[in-house]
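This is the structure, below, for whatever I ask next.
For ligands, and for the atoms within them, numbers begin at 1 and follow the listed sequence.
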Amino acid sequence: MNILVVGSGGREHAICEAFSRSSRVAKIYCANGNAGIATIAECVPIKPEEIEKLVTFAVENAIDLTFVGGETALALGIVDEFERRGTSIIGPTKAAAELEASKAFSKDFMSRHGVPTAVYRNADSADEAVSVLNDATFGDESAPVVVKADGLAAGKGVVVASNRQDAIDAITNLANVVGSEAASKIVLEECLIGREVSLIMFADGEDFALMPPTRDHKRIGEGDTGPNTGGMGTITDAALLTGEQTESIVEDIIKPTLKGCKEEGFPFRGILFLGLMMTAEGPKLLEYNVRFGDPETQSILVRLKTDLVEICEAMLDGSLGKFDIKWKPGSSATVVLAAEGYPYNPRKGDVISGLDDVIDATVFHAGTAMNDSGEIVTSGGRVLGVTATADSLDQALSICYREVSKISFEGMQYRRDIGR
Ligand code: AMP
Ligand code: GLY
């Protein structure tokens, strides 16, 4: 088979790597890829939002299966367009991608289908959002409140405000941070307390298959300090969720979600990602993502033993319910190495050394490129992810950090407390 992966980050490197392990795969293309992906796939210079070019490329190059990494192309309707042209693709339709593309839509969807989530109000403007805060019926005035831009904001659209004045400031500032379109609607939520876990699944419109639970570390600084990033490291470990918690997530969140999607005319096929908070009242849903996480994917797919092509076929023909997916037991860890200045103003062009010395971990490239002298250099905020697997989380972390210490580039920053 010829495979096309859409995207250029660490997540897409991990997806390409999983496809490269399949005996069914003859050739992998990646649009547009990076220096690491280029070692296992042919990189083609088409951006995820260039849907017409992607579908033309797929048709002209006899692509048998396209896999979409990120949300941008999905929200633009890449899946609908590929399906219209009769070309196989993994991902949700534009209608189903609204679960991520509009937070107001997704909160109303959760409410319609009884999915446990934070108490919320949607506002159609910044002025309306401020008046919701002054409304006595919206929660306890002294409690923290979460302000969210409705639209896609690459992780920058959420502010957890510790008091109402900070919330008003966040509302006023939101359009400057994420743009007026993403902030044209605003969601206000009660602040939930608990531990966060991400649970990602394959879905075929009817049935689903869970991946190992993961935890992301979103803040730039150790001890969860500083600004939010796309994610500075992840772990997978069975202990992240008890059997009882998993059952409650399946019964109270996953089943109503998939049933709701079907009832509303957009059966969910693709990767569904639940951002969850384990509260004292049980698991509650923070958000849906309609794709793999980055860097969750790196930690998950290194543990996948089943052929990814076969899982994709089961998603396409609706046989996921009968399919048994095998995972390597134990745990995994990914530590992200970021450029100086990340997340605000990452510096590019620093030469990376030590990559060939890594032996016991997998290095997934994110923002990397090859310069004219054939050296691998930084070319984005999150530069590399180093991923290790082992029988226990402690072992995975110690292997990971040992291998990380072999890599260096000017200004390299990473968190030393991933998984702790
Ligand atoms: P989201 O993009 O909606 O997942 O929000 C990004 C991050 O903001 C989450 O991973 C949480 O850390 C935090 N967050 C979002 N909603 C809430 C909430 N209702 N209560 C507490 N923290 C939240
Ligand atoms: N790491 C969080 C995300 O991919 O949304």
Original post:
Does the pair E206/K259 count as a salt bridge with the N-to-O cut at 4.0 Å?
Top reply: no

Original post:
Roughly how far, to the nearest 0.5 Å, is the CG atom of L99 from the CG atom of L272?
Top reply: 7.5 Å

**OP:** Could you list the residues that satisfy side chain to side chain contact (heavy atoms under 4.5 Å, CB included) with R21, not counting sequence neighbours?
**Re:** E17, A18

Original post:
Is E340 salt-bridged to R347, cutoff N-O under 4.0 Å?
Top reply: yes

**OP:** Please round to the nearest 0.5 Å and tell me the distance separating atom CG of L199 and atom CZ of F273.
**Re:** 9.5 Å

**OP:** Examine F323 together with F202 and report whether their ring centres are nearer than 6.0 Å.
**Re:** no

Original post:
Ion pair present between D224 and R415, side-chain N to carboxylate O less than 4.0 angstrom?
Top reply: yes

Give one line per pair: atom of ligand 2, protein atom, distance. Only N/O to N/O under 3.5 Å.
{"unit_1": "ligand 2", "atom_1": "1 (N)", "unit_2": "D216", "atom_2": "OD2", "d": "2.9"}
{"unit_1": "ligand 2", "atom_1": "1 (N)", "unit_2": "G230", "atom_2": "O", "d": "3.1"}
{"unit_1": "ligand 2", "atom_1": "1 (N)", "unit_2": "D294", "atom_2": "O", "d": "2.9"}
{"unit_1": "ligand 2", "atom_1": "1 (N)", "unit_2": "E296", "atom_2": "OE1", "d": "2.9"}
{"unit_1": "ligand 2", "atom_1": "1 (N)", "unit_2": "E296", "atom_2": "OE2", "d": "3.2"}
{"unit_1": "ligand 2", "atom_1": "4 (O)", "unit_2": "R291", "atom_2": "NH1", "d": "3.0"}
{"unit_1": "ligand 2", "atom_1": "4 (O)", "unit_2": "D294", "atom_2": "N", "d": "2.9"}
{"unit_1": "ligand 2", "atom_1": "5 (O)", "unit_2": "R291", "atom_2": "NH1", "d": "3.3"}
{"unit_1": "ligand 2", "atom_1": "5 (O)", "unit_2": "R291", "atom_2": "NH2", "d": "3.0"}

**OP:** State whether D166 and R164 are salt-bridged, where the test is any N-O pair (Lys NZ or Arg NE/NH1/NH2 against Asp/Glu carboxylate O) under 4.0 Å.
**Re:** no

**OP:** Please list, by chain and number, the protein residues whose heavy atoms come under 4.0 Å of ligand 1.
**Re:** K103, A118, V146, K148, V158, E189, E190, C191, L192, E196, K218, M277, L286, E287

Between side-chain atoms of residues 66-79 and protein atoms elsewhere (two or more places apart, or another chain), which donor-acceptor pairs fall under 3.5 Å?
{"unit_1": "E71", "atom_1": "OE1", "unit_2": "R291", "atom_2": "NE", "d": "3.0"}

